[in-house]
Amino acid sequence: MRLFSVYRSLHVLVCNAAVFALPWSLTKDGLETTFQVNHLGHFYLVQLLQDVLCRSAPARVVVVSSESHRFTDINDSSGKLDFSRLSPSKNDYWAMLAYNRSKLCNILFSSELHRRLSPRGVTSNAVHPGNMMYSSLHRGWWVYTLLFTLARPFTKSM
Ligand SMILES: *[C@@H]1O[C@H](CO)[C@@H](O)[C@H](O)[C@H]1NC(C)=O
Ligand SMILES: *[C@@H]1O[C@H](CO)[C@@H](O)[C@H](O)[C@H]1NC(C)=O
């Protein structure tokens, strides 16, 4: 993509875009929105920027994930990736679970990226920023806004 060929160097890329607690919806690509925004968006961006990252080595990618990744699985009973869990239909959708799954995708992506690019001087790490940090992430639903507001005095700030 032309936009990305104009950058000569890129040393740090932080993948932090996310949505949370959204009602079920599909993107124009036909995929569930949480999965596409939280994981595929970063995945695609990094593919587009991979050459410039490698040219800029040493460079690093940081993928913002969450402890929430522990509370999920995305494999079927034979251990294979179950795509229907990543992009569920409306009836199988649970916003919190979709978020948690997307955070597991972030970690799997980051560690595979590290495996592939670290020999070329590009590292990748996933990070848990802190529990219930107050940001605009919970704007999707007032219940979460209330919870995050109550937790705010006890949690880390941005
Ligand atoms: C998602 O993760 C949170 C921890 O951040 C956990 O409390 C919650 O139960 C998980 N949700 C589901 C549906 O597994
Ligand atoms: C699926 O993933 C869960 C959680 O990581 C794991 O406990 C379980 O053994 C896996 N199932 C299979 C069949 O690999």
Side-chain angles (χ1 to χ4, degrees), residues 10-50 53 58-118 122-158:
L10 175 62
H11 296 282
V12 180
L13 177 65
V14 181
C15 297
N16 186 39
V19 292
F20 171 72
L22 291 187
W24 182 84
S25 68
L26 291 181
T27 64
K28 68 177 183 182
D29 300 310
L31 295 162
E32 190 280 313
T33 303
T34 312
F35 171 56
Q36 183 158 342
V37 172
N38 294 11
H39 168 59
L40 284 182
H42 300 137
F43 176 85
Y44 185 48
L45 182 68
V46 171
Q47 304 313 304
L48 295 173
L49 292 170
Q50 190 170 312
L53 281 165
R60 53 164 41 195
V61 176
V62 177
V63 183
V64 180
S65 178
S66 168
E67 275 295 331
S68 300
H69 79 278
R70 294 186 194 283
F71 302 92
T72 182
D73 57 32
I74 51 180
N75 53 350
D76 65 17
S77 56
S78 66
K80 293 224 171 76
L81 183 68
D82 181 352
F83 192 77
S84 70
R85 294 191 199 182
L86 293 176
S87 186
S89 65
K90 191 169 185 174
N91 291 337
D92 295 325
Y93 179 73
W94 184 9
M96 193 75 178
L97 193 52
Y99 179 81
N100 293 4
R101 285 172 173 161
S102 74
K103 295 289 124 184
L104 178 56
C105 292
N106 288 154
I107 291 178
L108 296 174
F109 169 56
S110 176
S111 73
E112 179 62 16
L113 187 69
H114 184 84
R115 195 183 68 77
R116 291 185 189 206
L117 296 192
S118 58
V122 181
T123 61
S124 179
N125 291 279
V127 61
H128 168 64
N131 285 315
M132 294 193 75
M133 284 185 50
Y134 196 89
S135 67
S136 56
L137 188 61
H138 50 76
R139 66 191 175 277
W141 198 21
W142 69 266
V143 175
Y144 286 111
T145 300
L146 180 67
L147 277 174
F148 277 79
T149 304
L150 290 173
R152 194 171 188 175
F154 309 103
T155 58
K156 284 194 284 186
S157 71
M158 290 283 230

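Just so it is clear, the structure is predicted and the values come from calculations on it, not from any experiment. Both counts, for ligands and for their atoms, begin at 1 and track the order of listing.
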Visitor: Would N91 and S89 satisfy side-chain hydrogen bond (donor to acceptor under 3.5 Å, both in side chains), going step by step from the backbone distance to the final call?
Guide: CA-CA 6 Å; N91 291 337; S89 65; 5.3 Å; no

Visitor: Can you check whether a protein heavy atom sits less than 4.0 angstrom from atom 14 (O) of ligand 1?
Guide: yes

Visitor: Answer yes if a protein heavy atom lies under 4.0 Å from atom 7 (O) of ligand 1, otherwise answer no.
Guide: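 Given the 4.0 Å limit, the answer for atom 7 (O) of ligand 1 is no, no protein heavy atom qualifies.
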
Visitor: With distance as the sole criterion, is a donor-acceptor pair present between the side chains of N106 and K103 under 3.5 Å?
Guide: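 Yes - a donor-acceptor pair under 3.5 Å links their side chains.
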
Visitor: Between S25 and T33, is any side-chain donor less than 3.5 angstrom from a side-chain acceptor?
Guide: yes

Visitor: For T72 and N100, which I'm curious about, is there any donor-acceptor pair between the side chains at under 3.5 Å?
Guide: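 Not at all, the side chains of T72 and N100 share no donor-acceptor pair under 3.5 Å.
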
Visitor: Heavy atoms only, cut-off 4.0 Å: how does W94 contact ligand 1, side chain, backbone, both, or neither?
Guide: side chain

Visitor: Consider every N or O of E67 and every N or O of ligand 1, then say whether any pair is closer than 3.5 Å.
Guide: no

Visitor: Within the structure, does S68 bring an N/O atom to less than 3.5 angstrom of an N/O atom in ligand 1?
Guide: yes

Visitor: Establish, from distance only, whether the side-chain atoms of S124 and S110 form a donor-acceptor pair under 3.5 Å.
Guide: yes

Visitor: Among all the protein's non-hydrogen atoms, which is closest to atom 10 (C) of ligand 1, and how far away is it?
Guide: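 Protein heavy atom at minimum distance: N100 ND2, 2.4 Å.
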
Visitor: Is there a donor in the side chain of S78 and an acceptor in the side chain of D76, or the other way round, less than 3.5 Å apart?
Guide: yes

Visitor: Any nitrogen or oxygen of L97, main chain or side chain, under 3.5 Å from a nitrogen or oxygen of ligand 1?
Guide: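 So ligand 1 has no N or O lying under 3.5 Å from an N or O of L97.
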
